[in-house]
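This report concerns only the one structure given below.
Here, residue 1 is the first one in the sequence, and each next residue gets the next number.
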Amino acid sequence: MRKVLLTILFSLTLTVVAQGETRPQFGERPKLVVGIVVDQMRWDYLSRYYEKFGKDGFRRMIDQGYSFDNCLINYLPTVTAIGHTSVYTGTSPAFHGICGNNFYIDGRKTYCCSDSTVTPVGSDNMKAGRMSPVNLLATTVGDELRLNTDFRSKVIGVSYKDRAAILPAGRSANAAYWLDTKNRQFITSTYYMQELPKWAKEYNKELLKNAAFKKEGKDVGLYPTTGHITTDMAIAALKGEQLGKGSATDMLCVSYSQTDVIGHQWGTRGEHTDEAYLELDKDLARLFQALDSEVGQGNYIVFLTADHGAAHNYKFIQDNKLYGGQWFSDNIKRDLETYLMNKFHNQMPLVLGIYDYRFFLNHKAIAKENLELQEVKNAAIEFLRQQPFNAFVVDFEKVQQSPVPAFLRERILCGYNFHRSGDIIVCPEPGYYDYGSWSSPVGTTHGKWNPYDAHIPLLFYGWKVPHGASSAEVHITDIAPTLCSLLHIQQPNACIGTSLHFNAY
């Protein structure tokens, strides 16, 4: 028995030592950190396409890296701008302030990255180029990395969407580049620089010659070519900025957005979505090959995740005898306005708008009509609770008193910012989603707490990352503190996540 116990203890000691060897010591850092966010990627796409993936893209990360198989989004709503921001800040809208792609700030309609104080660089398209992280309230991993290295580290964001390039890189980023779909060029704004660097200008010249990209016409983003050019731009930035070759660790944030556009158009199933992910797999292989060549295998760490998932198309659901259907925010807003007008006899509209199942009341109009805000909220809640397919209707300021499951209360609170999140949130029943102008009849959308929207992939690969997997529940807000722990830098200043261990099952 004594020999058996000694053997077990010896084995455990070896296991602990072996696992401990993957953790970096102070002074050890990779040359480059690469963050990859795939827009609208459901977790189950990893298994759905695994056998069809090549060996050098997704499967390189799965077969050689570490997979957290139960990564969940722990706030509401689950939309693009919030997801990208939460990945890199390690926190939720309650603290980082990016409360949606669009939201109201104290009654003022706001696009998440809109900034009237800046102008475009690389384009004359003011609509596309007046963008910056001005509305971001918290630091990112990149911000903390630059602070730690006295700003010697370079941090760059690249994506088709402006918000997917700008928000991950943070406020102190060296640059963020996004696609001006009108002029079909990658651009930035005067928030970062006054002129595009030479390598970016040269790439834009090559982009104008891209025959496949030209064929897309107005449908930029609806085809995998947009992913190809995002990869090309990321590789151009890698080489042009000499990332991973300086005296401090650099960071490259790459977001693939064509998958979201394709999903909204064609849904979670079918040849278009299949093509999008198989082509993305090839793009990842090209990116990894460039990283191996430019930085060296083992000298960089990569993570891959998503900003949110997606529901199956409601007709697909119904055709297969599953529960689900349409939830029309435009119709609900109209009917709610009529109900409130009949109740209060108001002359001014009392509802500013609905974004992501959140209702923004018009506080100024309510005051001018000499009405009590709480009375209007109570009336709106009463009406909404009578509507079909609404599981819960919650007053943001009374979440704790609402008869809502504890896990859902926490997600609602994590997504609530007093100045930016509105007054009321509705949680539709499973399978029901807001069918807006951004989705086609055969497409899909997202925004809810349910696993189809909130269960996302999380893969790590490269420097100090062992091969393995964990089924433990982790969260999107855990990514940033995990990176900071590996880099031995301070967590972002509003971080609420927990550093993950690659040996935890």
Problem - Carboxylate-amine/guanidinium proximity below 4.0 Å for D292 and R60 - result: yes
Exercise for the section: Answer yes or no: is there an ion pair linking K209 with E206, defined by an N-O contact shorter than 4.0 Å? Expected result: yes
Indicate whether the side chain of [X] and that of [Y] have a donor and an acceptor atom separated by less than 3.5 Å.
{"X": "T80", "Y": "H308", "result": "yes"}
{"X": "D180", "Y": "N125", "result": "yes"}
{"X": "T110", "Y": "N135", "result": "no"}
{"X": "H228", "Y": "D283", "result": "yes"}
{"X": "S159", "Y": "S257", "result": "yes"}
{"X": "E144", "Y": "T139", "result": "yes"}
{"X": "D44", "Y": "S47", "result": "no"}
{"X": "E241", "Y": "W199", "result": "yes"}
{"X": "R152", "Y": "S247", "result": "yes"}

Problem - Closest non-hydrogen atom pair between V118 and R130, with its separation - result: O-NE, 2.9 Å
Quick one: list whatever passes ring-ring contact (aromatic ring centres under 6.0 Å, His included) with [X], sequence neighbours left out.
{"X": "Y461", "answer": "none"}
{"X": "Y50", "answer": "none"}
{"X": "W178", "answer": "none"}

Could you tell me whether [X] atom [atom1] has more than 12 heavy atoms of other residues or ligands within 6.0 Å of it?
{"X": "Q289", "atom1": "CD", "answer": "no"}
{"X": "K245", "atom1": "NZ", "answer": "yes"}
{"X": "E294", "atom1": "CD", "answer": "yes"}

